[in-house]
Amino acid sequence: MHSDKQKKLDLRYLRMAKIWAENSYCQRRQVGALVVKDKMIISDGYNGTPSGFENVCEDDSNVTKPYVLHAEANAITKLARSSNNSDGSTLYVTSSPCIECAKLIIQAGIKRVVYGEQYRLTDGIELLKRAHIEVIYLNPDEHEHQ
């Protein structure tokens with residue numbers, strides 16, 4: 001399906017997305033995303049609060065605040081403020097996209113999604129497949145030195 005060279009590249013970008021996730025101030029879960037086109041990173045994102053808000057993702061009950069942005073949403077909206085275009089690009093994300101992010105991915109013209117961790121809800125992945133976006137699950141921990 002995809003070459004060994006492509007798989008190594010995919011794993012490398014996923015590991016980079018995992019490192020990028022460390023920028024997140026969220027306590028419960030840190031997620032990172034990279035948008036890559038023609039072997040160049042054209043955008044990045046991690047989950048967190050909107051610009052200008054305090055960097056606290058959870059309320060006193062440890063529930064994620066409703067206005068926290070997902071990593072994919074941050075990476076895609078960052079593209080809107082740049083001169084880059086995500087048509088035909090690949091999104092690397094540490095966790096499988098939710099249905100809201102899947103809608104943004106489809107509308108952004110992203111053609112491949114590579115993710116490193118399964119999430120309990122699969123409706124986002126199902127929507128991406130329905131939109132004929134190539135979806136690849138690759139766990140970097142299972143491919144330690146590639």
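Positions are given from 1, in the same order as the sequence printed here. Note that the structure is a prediction, hence the values are computed from the model and not measured.
- Side-chain atoms of Lys18 and Asp141, non-hydrogen and from C-beta on, do get closer than 4.5 Å to each other.
- The two residues Ala75 and Gly45 have their closest heavy-atom pair at CB-N, 3.8 Å.
- Hydrophobic cluster membership of Tyr25, counting Ile, Leu, Val, Met, Phe, Trp and Tyr whose side-chain heavy atoms lie under 4.5 Å apart directly or via other members: none, as it forms a cluster of its own.
- Judged purely by atom type and a 3.5 angstrom limit, Thr94 has no side-chain atom pairing as donor or acceptor with the backbone of Ala17.
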Anything under 3.5 Å between a donor and an acceptor, one on a side chain of residues 32-41, the other on a protein residue two or more places apart or in another chain? List them.
from, atom 1, to, atom 2, distance (Å)
Lys37, NZ, Asn85, O, 3.0
Lys37, NZ, Asp87, O, 3.2

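- Taking a 4.5 Å side-chain heavy-atom cut-off between Ile, Leu, Val, Met, Phe, Trp and Tyr, the cluster of Tyr67 extends to Phe53.
- For Asn47 (side chain) and Arg29 (main-chain N/O), a donor-acceptor pair under 3.5 Å exists by modelled atom type.
- Side-chain heavy atoms closer than 4.5 Å link hydrophobic residues (I, L, V, M, F, W, Y) into clusters, and following such links, even through other members, never connects Leu69 to Val93.
- Grouped with Ile19 in a hydrophobic cluster is no other residue, since no side-chain heavy-atom contact under 4.5 Å to another Ile, Leu, Val, Met, Phe, Trp or Tyr is found.
- Partners of Cys98 under the disulfide (SG to SG under 2.5 Å) rule, at least two apart in sequence or in another chain, do not exist in this structure.
- Sorted by first and then second residue, the ring pair (Phe, Tyr, Trp, His ring centres under 6.0 Å) pairs involving residues 104-132 (not counting sequence neighbours) are Tyr115-Tyr137.
- The main-chain N or O of Glu58 is never found under 3.5 Å from a side-chain atom of Gln27 such that the two would form a donor-acceptor pair.
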